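Small disclaimer: the values here were computed from a predicted structure and weren't measured. Within every chain, numbering begins at 1; the chains are lettered A, B, ... in the order of the sequence lines, protein sequences first and strands thereafter.
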Amino acid sequence: MSTNSLPKRYLITAALPYANGLKHIGHLAGAYLPADTYVRYLRAQKRDVVFVCGSDEHGTAIPIQATKEGTTAQAIIDKYHPIIEQNFKDLGISFDIYHRTSAPIHHETAREFFKTLNDKGDLITKESEQYFDETAQSFLADRYIKGTCPNCSHPGAYGDQCESCGKSLSPDELINPVSTLSGNAPIKKLTKHWYLPLDRHEAFLRKWILEEHANDWRATVVGQCKSWIDGGLLPRAVTRDLDWGVTLPDDVVDGKGKVLYVWFDAPIGYISATKQWALDNEKDWKPYWESKDTKLVHFIGKDNIVFHCIIFPVMLQLHGNILPENVPANEFMNLEGDKMSTSRNWKLEMEDYINDFIKPENGGSQMADVLRYYLTAIAPESKDSEFTWKGFQDANNSELVSIFGNFVNRALVLMHKLCKGKVPPLHAAAMDELDHETIANIKAAKEKVEKLIEEYKFRDALFEVINLARIGNQYMQKKEPWIIAKTLDTNPDGQQLIDNCLHICLQLTGNLAILINPFLPFTAKKICYLLKVVDRILDWENAGSLKLVSVGYSLRPPELLFRKIEDEEICKQVEKLKAAAVHKEVTPAVEAKQEEKAITVKPEIVFDDFAKIDLKVGTIVSAEKVEKADKLLKLQVDLGFEVRTIVSGIAMHFDPAAIVGKQVTVVTNLAPRKMRGIESNGMILMAEDAVGKLHFINPETAIDNGSGVS
RNA sequence: GGCGAGGUAGCUCAGUUGGUUAGAGCACAGGAUUCAUAACCCUGAGGUCCCGGGUUCAAAUCCCGGUCUCGCUACCA
């Protein structure tokens with residue numbers, strides 16, 4: 001916040017998009033657009049700034065998706081990385097580098113990072129009770145192990161909990177453990193996992209965030225961090241048993257077959273991207289990550305707060321890097337009355353907008369600026385906001401076109417008509433109070449915009465730019481040069497008044513170009529073209545100047561900056577959105593949050609194994625939500641010979657009232673288990689589709705309850 | 001369920017440490033104007049500040065309770 005000691009350099013990051021699909025305008029508005037605006041402003045200030053981003057290409061979701069699509073993980077990331085990169089380019093997001101975490105330099109960087117922390121003793125290892133199934137050739141998650149409970153001697157206890165006595169267990173405690181995958185006794189292969197002991201750093205985080213940044217970080221960011229810190233920080237696993245990701249350094253004992261957990265490797269992607277940029281540009285990357293006089297800012301969405309404010313800073317600090325000076329997280333953007341959702345296909349992808357609007361015949365790059373304008377104007381800086389096509393149209397037609405575009409156009413048209421196509425001189429003697437006031441307003445606009453951008457208030461800053469155009473319209477209206485022009489015969493001094501008015505309007509137009517440049521770069525360029533000035537005048541230091549266009553210079557014939565958007569166009573978009581939407585069965589169907597579930601290609605079983613499972617058809621006779629649990633429904637299922645209570649985690653997908661009477665397939669001989677205090681006697685079979693929606697497995701036509709399934 | 005952030009005009013949002021009559025832009029209505037993309041300019045109408053209590057001379061603002069939205073987290077055999 002100290003304005004007298006400017007940072008020597010800036011490092012700006014925008015959240016790494018996960019390369020498993022296309023990104024929508026919510027992502028754009030949340031992180032990339034504000035980051036780009038900030039960076040363009042800094043560049044115009046001639047500050048030393050690097051803007052890095054890249055695709056996040058690891059984690060389990062990508063191999064899972066690859067399996068679903070019948071392809072390889074590599075193919076998935078190779079498909080999406082270039083498209084995402086191009087989308088950003090088309091929308092004017094000006095990364096200095098758009099990198100990817102599959103790049104070798106990233107793997108090296110992440111490994112080095114891990115090694116440094118590990119060698120210093122900043123990571124702890126836990127040789128967790130990992131059993132290994134030799135038949136299945138994989139480590140066994142706790143719940144895939146059964147054995148005798150040490151507490152109550154129940155023979156069917158799971159590795160994480162005994163159903164019988166309810167005691168929480170670790171697999172190590174089980175007597176006679178058996179793998180549920182193969183039925184064999186697992187061997188106790190010591191698998192080591194590395195953890196980042198966040199608990200060691202509570203004092204540091206408390207001081208750094210809750211004291212030092214209590215006032216200059218956004219309330220939602222500080223609040224979220226406080227919530228985490230107060231909740232008690234726990235060691236967080238840094239490694240996983242997986243074959244997709246950054247492998248551990250070779251010399252790490254027991255590191256074979258393990259990769260870095262994606263949350264650990266992804267943010268390091270900012271560093272590796274910076275390194276690659278430095279290589280490409282013959283620069284030194286180190287000061288950007290190590291020098292205290294670098295200002296680091298992370299632009300992210302609110303779902304990313306803990307990683308960028310708690311976890312990554314701890315990593316950076318341990319590794320000897322600088323910490324972010326701010327993390328201006330945005331809230332979310334809704335679309336036409338509903339949350340944006342990939343699974344329900346309720347979204348506007350950047351790609352779609354580009355295809356539908358940024359075509360030469362539609363206005364080309366100018367239409368990229370229109371989206372940039374609206375998204376900034378409704379940026380979810382302090383609370384969730386909403387994109388509507390009507391709002392988009394209004395913002396364009398009545399602000400960009402009518403106020404901003406129209407001012408520039410009428411200034412140029414009038415100049416051509418009344419000043420012979422040349423920039424008229426300013427006659428100091430003929431200036432009045434309004435002229436001086438308007439000039440003062442131009443200078444004031446610069447100060448306001450500057451201050452607001454520095455505070456990450458881009459929405460307000462953009463408003464001030466539009467407001468300067470409004471001031472221009474008011475000024476022109478009061479001056480009425482077109483009226484004066486009619487009386488020139490009787491009033492020869494009138495030309496001086498006309499000259500002054502248009503001189504000031506043209507200088508104001510030049511200022512608009514400078515001020516709008518961080519927000520709408522294509523528009524700024526176009527104004528430069530119309531004014532026949534070089535792009536260099538866009539340097540921020542020229543803002544407030546009254547010498548942007550030279551007297552006597554002849555300018556180009558006027559061209560419109562923006563076109564109107566017709567009702568027809570937005571109706572089409574709304575229809576398109578609704579037509580593509582996947583209908584949800586119940587209210588807030590959760591986003592298919594590609595959970596961290598490993599793809600288990602289960603080992604072959606024999607018929608006897610299958611025969612152990614007792615499957616029967618039953619009918620749901622009642623269903624109710626379980627108190628204090630979002631996902632659980634308590635069901636009464638009629639199995640013909642009895643009615644059972646079954647608790648099932650399907651509340652997010654089905655309305656309790658709507659599923660009564662439905663037939664389902666039930667595993668009837670599953671050991672009872674308590675959930676939220678209710679004993680569940682069985683399990684309902686569900687199928688999960690590609691977008692994470694659940695479907696009942698039931699007979700084609702209703703049959704008797706209790707019918708066996710085989 | 002726990003925690004965090006929000007709920008202010010039809011829409012998008014401001015409201016600083018409690019202090020005249022709660023503001024802006026858009027949309028809407030009326031007027032004026034014609035240089036300009038039926039654009040601009042002027043004027044106006046519009047609010048139970050989510051609900052209920054409390055503190056205070058004074059509450060959108062502080063406290064308590066409730067409710068709705070979003071996020072994090074727990075429950076998901």
Integer-rounded Å distance: B/G6 P and A/Gln224 CD
12 Å
Students often get this wrong, so: under 4.0 angstrom with heavy atoms, is A/Val401 touching a base, only sugar-phosphate, or nothing?
base
Look at the side chain of A/Asp394 and decide which nucleotide, out of B/A39, B/C26, B/A14, has an atom nearest to it.
B/C26
Rounded interatomic separation in angstrom, taking CH2 from A/Trp228 and C1' from B/G2
14 Å
Pairing check on B/G4: which nucleotide meets the Watson-Crick or G-U wobble criteria with it, both distances under 3.5 Å?
B/C70
Considering just the side-chain nitrogens and oxygens of A/Lys564, establish if one lies under 4.0 Å of OP1 or OP2 belonging to B/A39.
yes
Separation of B/C3 P from A/Ile310 CD1 (nearest whole Å)
18 Å
Please classify the nucleic acid contact of A/Glu399 as base, sugar-phosphate, or nothing, using heavy-atom distances under 4.0 Å.
sugar-phosphate
Between A/Ile471 and A/Gly649, which residue's closest nucleotide on RNA chain B lies nearer the 5′ terminus?
A/Ile471
Check the chi torsion on B/G46 and let me know: syn if it falls within 90° of 0, anti if not.
syn
Distance col, row A/Arg410:CZ vs A/Met415:CE, nearest 0.5 angstrom, shows 15.0 Å
Considering only B/G71, B/G6, B/A27, which nucleotide approaches the side chain of A/Lys383 most closely?
B/G6
Between B/A22 and B/G66, how far is it from one P atom to the other, in whole Å?
31 Å
Can you tell me, in whole Å, how much space there is between the P of B/C26 and that of B/G44?
15 Å
Phosphate-side-chain proximity, A/Lys478 and B/C42, N/O vs OP1/OP2 below 4.0 Å:
no
Spacing of the C1' atoms in B/A74 and B/U12 (rounded, Å)
36 Å
Pair partner, B/C35 [Watson-Crick or wobble, under 3.5 Å]:
none
If you pin A/Lys390 and A/Ala469 to their nearest nucleotides in RNA chain B, which one's is more 5'?
A/Lys390
Partner of B/U20 under the Watson-Crick or G-U wobble criteria, both distances under 3.5 Å, comes out as none
Using a heavy-atom cut-off of 4.0 Å across all strands, would you classify A/Phe562 as base, sugar-phosphate, or nothing?
base
Assess the side chains of A/Asn330 and A/Arg218: does a donor N or O sit below 3.5 Å from an acceptor N or O?
yes
In plain terms, say whether A/Asp230 and A/Arg206 are close enough for a salt bridge, that is, a side-chain N and a carboxylate O under 4.0 Å apart.
yes
Please measure how far the C1' atom in B/G6 lies from the corresponding atom in B/C49, and state the result in whole Å.
14 Å
Here the distance between atom C1' of B/C26 and atom CG of A/Asn396, to the nearest Å, is 13 Å
Distance, rounded to the nearest Å, where A/Lys457 contributes NZ and B/G15 contributes P:
6 Å
Take the protein atom CD of A/Gln477 and the nucleotide atom P of B/G31, then report the distance between them rounded to whole Å.
17 Å
Contact between A/Lys526 and A/Leu561 at the side-chain level, heavy atoms closer than 4.5 Å - yes or no?
yes
Look at all strands and tell whether A/Asn406 reaches a base, only sugar-phosphate, or nothing, counting heavy atoms closer than 4.0 Å.
base
Ignoring the backbone of A/Phe463, work out which of B/G71, B/A39, B/A24 is nearest its side chain.
B/A24
Quick one: label A/Arg563 by what it contacts on the DNA or RNA (base, sugar-phosphate, nothing), any heavy atom closer than 4.0 Å.
nothing
According to a strict under-4.0 Å criterion, is A/Lys417 in side-chain N/O contact with OP1 or OP2 of B/A36?
yes
If I pick the C1' atom on B/C41 and the same atom on B/A59, what distance separates them, to the nearest angstrom?
39 Å
Of all the choices, B/A24, B/G6, B/C35, which nucleotide is nearest to the side chain of A/Lys486 once you look at every atom?
B/C35
When we call it a touch if two heavy atoms are under 4.0 Å apart, what does A/Ser385 touch: a base, just sugar-phosphate, or nothing?
sugar-phosphate
Counting C-beta onward and ignoring hydrogens, is there a side-chain heavy-atom pair between A/Cys225 and A/Leu205 closer than 4.5 Å?
no
Return no unless some side-chain N or O of A/Gln474 is found under 4.0 Å from OP1 or OP2 of B/C42.
yes
Between B/A9 and B/A60, how many Å separate the two C1' atoms, rounded to a whole number?
14 Å
For B/C75 and B/A58, measure between their P atoms and round to the nearest Å.
49 Å
Of the candidate nucleotides B/A77, B/U12, B/C72, which contains the atom at the shortest distance from the side chain of A/Glu386?
B/U12
Under 6.0 Å from the CG atom of A/Asn215, do we count more than 12 heavy atoms belonging to anything else shown?
no
Taking the side chain of A/Glu331 as its heavy atoms from C-beta onward, which of B/C40, B/C75, B/A5 lies nearest to it?
B/A5
Using whole Å, what does the distance between atom P of nucleotide B/U34 and atom NZ of A/Lys479 come to?
18 Å
From the options B/C35, B/G7, B/C72, select the nucleotide whose nearest atom is closest to the side chain of A/Met476.
B/C35
Counting heavy atoms from C-beta on, name the nucleotide in B/A14, B/C72, B/C76 closest to the side chain of A/Arg459.
B/A14
Could you tell me whether A/Lys302 and A/Asp384 make a salt bridge, using a distance below 4.0 angstrom between a side-chain N and a carboxylate O?
yes
For A/Ile483 and B/C40, give me the distance from atom CD1 to atom P, rounded to whole Å.
18 Å
Determine, for A/Tyr529 and A/Arg556, whether the Lys NZ or Arg CZ falls below 6.0 Å from the six-membered ring centre while staying within 45 degrees of the axis.
yes
Roughly how many Å apart are B/U61 and B/G15, using the C1' atom of each and rounding to a whole number?
9 Å
Tell me what A/Ser382 touches on the nucleic acid: a base, only sugar-phosphate, or nothing, going by heavy atoms under 4.0 Å.
sugar-phosphate
Assign A/Arg470 to base, sugar-phosphate, or nothing according to its heavy-atom contacts below 4.0 angstrom with the strands shown.
sugar-phosphate
Less than 4.5 Å apart, any side-chain heavy atom of A/His503 and any of A/Pro424?
yes
Return the nucleotide paired to B/G25: Watson-Crick means purine N1 to pyrimidine N3 with N6-O4 or O6-N4, wobble means G-U with N1-O2 and O6-N3, both under 3.5 Å.
B/C11
Touch class at under 4.0 angstrom, heavy-atom based, for A/Leu561 against every strand present:
base
